[in-house]
Amino acid sequence: MTKAFTFIKRYLLSLAGCLYLLTVGVLRREHREILHEITFRLGLRKRPVPPPSGPTLLIPVTEAKALFSAPPLVSVLEQDVADGNVSGYELLVISQLIADLKPKACFEIGTFDGRTTLNMAANAGTDCHVYTLDLPQEEVDKTGLKIATGDEQFIKKESSGARFSGSPWAKNITQLYGDSATFDFSPYEGKMDVVFVDGAHSYDYVKSDTAVALRLLKPEGGLILWHDYGSPYWKDLTRSLNDLYEGTPSFKSMRNVMGTVLVVWRK
Ligand SMILES: C[S@@+](CC[C@H](N)C(=O)[O-])C[C@H]1O[C@@H](n2cnc3c(N)ncnc32)[C@H](O)[C@@H]1O
């Protein structure tokens with residue numbers, strides 16, 4: 001009798017849970033994740049298998065704390081991570097680097113939802129302006145260079161920069177649109193303190209965006225950051241950064257931040 005009662009109670013609770021999940025529950029991301037998980041458990045979809053390990057990582061690793069004399073106080077905004085964003089720890093490291101450097105001008109290649117853009121602006125302060133370039137989704141098939149398999153999902157989205165638009169930091173951010181392979185960067189060249197390279201993930205785009213980043217930095221110095229080095233999903237990006245590290249004498253001081261897929265280089 002007790003067993004039957006427990007079963008009925010569990011059944012009714014599960015039913016209520018399912019009704020909730022399939023109606024108003026779908027409005028919340030964490031609840032949609034439960035629905036995705038159910039489809040895996042029922043065998044309706046296969047779990048994505050991480051691809052086998054990629055190229056050897058040649059860029060030496062550094063601890064984040066070696067990058068600044070004392071870790072600066074930072075604000076980390078929009079902490080919810082979406083597929084395509086940097087991780088929470090990476091966002092902290094980027095925010096610390098920015099707060100430490102106090103840049104006056106930053107440039108990001110690859111806006112996506114603008115989570116990193118927003119945090120760069122917030123940690124640089126009101127004296128800084130952040131420019132961020134994104135490829136309009138209509139141009140996905142017309143890029144100047146070949147994009148990587150997997151880039152499309154981040155290009156095809158309703159809007160760029162949703163996380164900063166309407167925020168108090170939006171006035172310190174300029175959203176630019178275009179293809180980083182063909183965009184006219186000349187108004188921004190020689191004016192940036194920080195460049196974050198996080199656009200298309202193919203070998204050629206990383207090489208081309210890095211050449212752009214070098215032109216964007218102020219002649220007196222600055223910082224370039226790249227994302228996704230060593231990620232099993234973006235092996236060509238890793239190969240491209242390996243080749244830049246090995247083939248460019250000044251890039252010998254590139255470092256991969258421990259526990260992240262970030263690479264940092266100071267001019
Ligand atoms: C991984 S997401 C960037 C994530 C973002 N930086 C962050 O930290 O949340 C890559 C972005 O690069 C953009 N992108 C891809 N190819 C591009 C290109 N050729 N030129 C400019 N942006 C590009 C995509 O539209 C996408 O928004």
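Start at 1 and go down the list; that is how both ligands and their atoms are numbered. Atom set for the values below is all heavy atoms of this structure, side chains included, hydrogens, waters and symmetry mates excluded.
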* **Salt bridge R239-D236, side-chain N to carboxylate O under 4.0 Å** => yes
* Pair K157 + D113: basic N to acidic O under 4.0 Å ->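 Here K157 does not pair with D113 in a salt bridge, since their nearest N and O are not under 4.0 Å apart.
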* Asked: Out of N256, V257, T260, which residue meets the side chain to side chain contact (heavy atoms under 4.5 Å, CB included) rule with V61?
  -> N256
* Structure fact -> With N123 as partner, the option from P72, S95, C106 fulfilling side chain to side chain contact (heavy atoms under 4.5 Å, CB included) is S95
* **Closest approach of any protein heavy atom to atom 19 (N) of ligand 1, naming residue and atom** => D179 OD1, 3.0 Å
* Protein residue, atom and distance nearest to atom 10 (C) of ligand 1, heavy-atom basis -> D198 O, 3.3 Å
Kindly confirm or rule out an N or O of [X] lying under 3.5 angstrom from an N or O of ligand 1.
X	value
E108	yes
F112	yes
I109	no
I147	no

Within ligand 1, which atoms have a heavy atom of [X] less than 4.0 Å away?
X	answer
N85	9 (O)
T111	5 (C)
S180	18 (C), 19 (N), 20 (N), 21 (C)
T116	7 (C), 8 (O), 9 (O)

* Asked: Mind checking whether M120 and I173 sit in one hydrophobic cluster, side chains of I, L, V, M, F, W, Y counted as touching below 4.5 Å?
  -> yes
* Can F183 be said to touch ligand 1, with heavy atoms closer than 4.0 Å? ->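 False for this residue.
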* Asked: Can you find a non-hydrogen atom of Q137 under 4.0 Å from ligand 1?
  -> no
* Can a cation-pi geometry be assigned to K252 and Y245, taking NZ or CZ under 6.0 Å from the six-membered ring centre and within 45° of the ring axis? -> yes
* So, D151 and H201: side-chain donor and acceptor under 3.5 Å apart, yes or no? ->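 Result is yes, a qualifying pair exists.
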Could you pull out, from [options], the option with a heavy atom nearest to [atom]?
atom	options	answer
atom 11 (C) of ligand 1	A148, A200, G110	G110
atom 4 (C) of ligand 1	P136, G178, G84, A82	G84
atom 24 (C) of ligand 1	L135, L118, D134	D134

* Atom OG1 in T238, atom CD1 in I59: separation rounded to 0.5 Å? -> 8.5 Å
* Quick one: does ligand 1 sit under 4.0 Å from the side chain of F196, the backbone, both or neither, non-hydrogen atoms only? ->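 The answer is the side chain.
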* Using a 4.0 Å heavy-atom cut-off, say whether H227 meets ligand 1 through its side chain, its backbone, both or neither. =>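 Looking at H227 and ligand 1, no heavy atom falls under 4.0 Å.
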* To do: Give me the one residue out of T111, T132, D134, T117 that meets side-chain hydrogen bond (donor to acceptor under 3.5 Å, both in side chains) with Q175.
  =>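 Among the candidates, only T111 passes.
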* To do: Inspect the surroundings of CG in L15 and state if more than 12 heavy atoms from other residues, nucleotides or ligands are less than 6.0 Å away.
  =>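 Atom CG in L15 is packed in, count exceeds 12.
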* For the residue pair D83 and Q153, establish whether any side-chain heavy-atom pair is separated by less than 4.5 Å. =>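 Touching, per the 4.5 Å side-chain cut-off.
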